[in-house]
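Atoms considered below: every heavy atom in the structure, side chains included; atoms not considered: hydrogens, waters and symmetry mates.
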Amino acid sequence: MTCAATIVTGDAGLADDLLRLAAEAAARADVAHRAAQARTAWHRCPLILVGADLAEAVAAERLPRRSGIVLVTRADDLDDAYRRALRVGAQDLAVLPDEEDWLIEALATAADPTAARATTVCVRGARGGAGTSVLAAALALTAAETGRRTLLVDGDPHGGGIDLLLGLEDTEGARWPDLATRRGRLSPALLREALPRLGDLSVLSWRDTGVPVQPEAVHAVLGAATRAFALVVVDVPKHPSDIGAAALALAEVGLLLVPTEVRAALAAATLRGAPADLRLVTTGPSPGGLTPELVAQSLDLPLAGALERDRRTSRAAEDGDLPRILRRGPLPTLCAHLLTTLTQTPARQAA
């Protein structure tokens with residue numbers, strides 16, 4: 001078994017606790033009892049767990065900066081912990097015993113760095129009312145119904161809450177404001193357990209309580225999501241918040257929803273950028289005869305699918321009954337097609 005972590009501490013009790021967590025994670029960990037011993041192991045393991053007792057001594061060694069450093073301390077020794085973390089070059093601070101689950105996840109990830117990560121898909125509309133939230137929710141529901149562990153993320157703090165589309169607004173579980181001040185790495189298992197769920201679909205919705213979500217919390221949550229799920233679908237507003245911007249930077253695939261209208265197509269032209277793999281989905285009918293193919297050519301985007309408006313969809317979204325109408329019809333057919341082509345390189349329309 002290759003080394004997953006080096007534990008740097010002279011505190012025998014802390015070393016024993018961290019070795020116990022490594023055993024739970026099925027990860028091999030070595031112990032350096034003095035700061036000088038850390039030098040030989042500094043680049044050997046993907047994770048370096050530095051005990052607060054040796055933080056100053058490790059900093060004095062002037063070791064090269066690297067990723068994967070965590071300062072580990074106890075709840076009764078938090079004084080000056082953040083300064084010590086900065087001194088040692090740590091990217092994360094883990095407090096025992098509260099964050100044992102997080103450390104287990106970090107050790108497990110270090111032991112198996114090739115473990116599968118979620119595919120992240122961002123759905124974005126060219127204008128308000130294009131049906132972006134409905135498409136994102138339907139795509140996530142369709143994936144979950146195939147047994148794929150899926151997370152639907154609400155990236156719009158002013159959208160009213162995507163959980164309303166699914167009838168989950170009264171279901172207990174965490175929303176964005178509950179995670180607003182989260183710092184450091186978040187345990188994927190804890191994230192899964194905390195969220196409202198519908199079968200294999202978990203939902204992280206917005207509920208406006210006036211509590212701003214800090215950028216550190218956004219990155220912690222999205223990072224945990226990629227380790228906790230097979231597919232992450234993010235509903236991103238036209239003008240993205242911190243949540244939407246972070247998701248766009250993380251996503252492998254973007255779906256740009258554009259009504260077959262001249263003004264919508266012109267608006268869509270301003271939304272080019274991340275992710276690099278951006279695909280077009282059109283909605284119709286067109287009031288002026290504009291075809292999906294013409295929209296794709298004008299935007300120089302591959303056409304991933306076209307959808308005709310269905311009155312049943314609007315009514316179901318209003319009633320929070322979207323899961324019921326996904327048994328048949330054009331929307332579930334489109335979603336199934338989009339899911340089967342996610343990992344394929346789309347062909348662009350001929351000029």
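Taking hydrophobic clusters as Ile, Leu, Val, Met, Phe, Trp and Tyr residues chained together by side-chain heavy-atom distances below 4.5 Å, Tyr82 shares a cluster with Val88. Put simply, Leu164 and Leu166 are part of two different groups of oily side chains (I, L, V, M, F, W, Y) that touch within less than 4.5 Å, one to the next. Hydrophobic clustering of Ile, Leu, Val, Met, Phe, Trp and Tyr side chains at less than 4.5 Å, counting indirect connections, unites Leu19 with Leu96. Criterion: ILVMFWY side-chain heavy atoms under 4.5 Å apart, direct or through other members. Under it, Leu190 and Trp176 are not part of a common hydrophobic cluster.
When atom types are taken as modelled, the side chain of Ser241 and the backbone of Pro157 share no donor-acceptor pair closer than 3.5 angstrom. No donor-acceptor pair closer than 3.5 Å links the side chain of Gln214 to the backbone N or O of Thr181. The closest donor-acceptor contact from the side chain of His43 to the backbone of Arg66 lies at 3.5 Å or more, if one exists at all. A donor-acceptor pair under 3.5 Å is absent between the side-chain atoms of Arg207 and the main chain of Arg175, judged by distance alone. The main-chain N or O of Ala57 is never found under 3.5 Å from a side-chain atom of Arg34 such that the two would form a donor-acceptor pair. Checking side-chain atoms of Gln37 against main-chain N and O of Val8 turns up no donor-acceptor pair under 3.5 Å. Side chain of Arg279 to backbone of Leu342: a donor-acceptor contact under 3.5 angstrom is found. Not a single donor-acceptor pair under 3.5 Å links the side chain of Thr282 to the backbone N or O of Val258.
Taking every heavy atom of both residues into account, Gly10 and Leu54 meet most closely at N-CD1, 3.5 Å. Nearest heavy-atom pair, Gly173 versus Asp178, reported as atom, atom and distance to 0.1 Å: O-OD2, 4.1 Å. Among all heavy-atom pairs drawn from Leu152 and Ala136, the shortest one is CD1-O, 3.7 Å. Contact record, Val232 with Ala118: CG2-CB, 3.9 Å, taken as the closest heavy-atom pair. Among all heavy-atom pairs drawn from Leu135 and Cys335, the shortest one is CD1-SG, 4.2 Å. For Ala336 against Thr142, the heavy-atom pair with the smallest separation is N-CG2, 4.1 Å.
A search for disulfide bond (SG atoms under 2.5 Å apart) contacts involving Cys45 returns Cys3, not counting sequence neighbours.
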Subject >> Verdict with supporting geometry, Asp235 and Ser133, side-chain hydrogen bond (donor to acceptor under 3.5 Å, both in side chains) >> reply: CA-CA 6 Å; Asp235 175 25; Ser133 297; 2.5 Å; yes
Subject >> Worked verdict on Thr260 versus Thr283 for side-chain contact (heavy atoms from CB on, under 4.5 Å) >> reply: CA-CA 6 Å; Thr260 47; Thr283 61; 5.9 Å; no
**OP:** Tell me, with the steps shown, if Arg39 and Leu63 meet side-chain contact (heavy atoms from CB on, under 4.5 Å).
**Re:** CA-CA 7 Å; Arg39 183 174 293 276; Leu63 297 167; 3.5 Å; yes
**OP:** Please test Val70 against Leu93 for side-chain contact (heavy atoms from CB on, under 4.5 Å), starting from the C-alpha separation and ending with a verdict.
**Re:** CA-CA 6 Å; Val70 180; Leu93 171 66; over 6 Å; no
Original post:
Is there a side-chain contact (heavy atoms from CB on, under 4.5 Å) between Val234 and Val121 once you walk through the steps?
Top reply: CA-CA 6 Å; Val234 187; Val121 181; over 6 Å; no
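A distance of 9.5 Å separates CG in Asp77 from CG in Asp11, rounded to the nearest 0.5 Å. In this structure, Asp200 CG and Arg148 CZ are separated by 11.0 Å, a value rounded to the nearest 0.5 Å. Of the inter-residue distances, the one linking Ile162 atom CD1 with Thr132 atom OG1 reads 9.5 Å to the nearest 0.5 angstrom. Leu303 CG to Glu293 CD: the interatomic distance, rounded to the nearest 0.5 Å, is 6.0 Å. Note that OG1 of Thr171 is 8.0 Å distant from CG of Leu198, once rounded to the nearest 0.5 Å. A distance of 4.5 Å separates CZ in Arg20 from CD in Glu100, rounded to the nearest 0.5 Å.
Sparse packing is recorded around CZ of Arg197, with 12 or fewer heavy atoms of other residues, nucleotides or ligands lying under 6.0 Å away. Counting non-hydrogen atoms of neighbouring residues, nucleotides and ligands closer than 6.0 angstrom, the NE2 atom of His239 reaches no more than 12 such neighbours. Asp79 CG: 12 or fewer foreign heavy atoms inside a 6.0 Å radius.
Side-chain contact between Leu257 and Arg124 is absent, with no heavy atoms from C-beta onward closer than 4.5 Å. For the pair Ile69 and Val50, the minimum side-chain heavy-atom distance is below 4.5 Å. Val213 is listed as a side-chain neighbour of Trp206, based on a closest heavy-atom distance under 4.5 Å. In this structure, the side chains of Val233 and Leu151 stay at 4.5 Å or more apart for every pair of heavy atoms. Counting only heavy atoms from C-beta outward, the side chains of Leu201 and Val203 approach each other to under 4.5 Å. Using a 4.5 Å heavy-atom cutoff, the side chains of Arg149 and Leu231 are not in contact. Proximity of Phe229 to Arg192: side-chain heavy atoms (C-beta onward) are separated by under 4.5 Å at one or more points. Counting only heavy atoms from C-beta outward, the side chains of Ile7 and Asp30 never approach each other to under 4.5 Å.
With Thr9 as the fixed residue, the side chain to side chain contact (heavy atoms under 4.5 Å, CB included) test singles out one of Asp53, Val58, Asp17: Asp53.
By the 4.0 Å N-to-carboxylate-O rule, Arg87 lies close enough to Glu56 to be salt-bridged with it. Contact check on Glu105 versus Arg227 returns no salt bridge, with no Lys/Arg side-chain nitrogen under 4.0 Å from an Asp/Glu carboxylate oxygen.
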Show every donor-acceptor pair shorter than 3.5 Å between a side-chain atom in residues 247-255 and any protein atom, with sequence neighbours excluded, or say none if there are none.
residue, atom, partner, partner atom, Å
Glu252, OE1, Thr120, N, 2.6

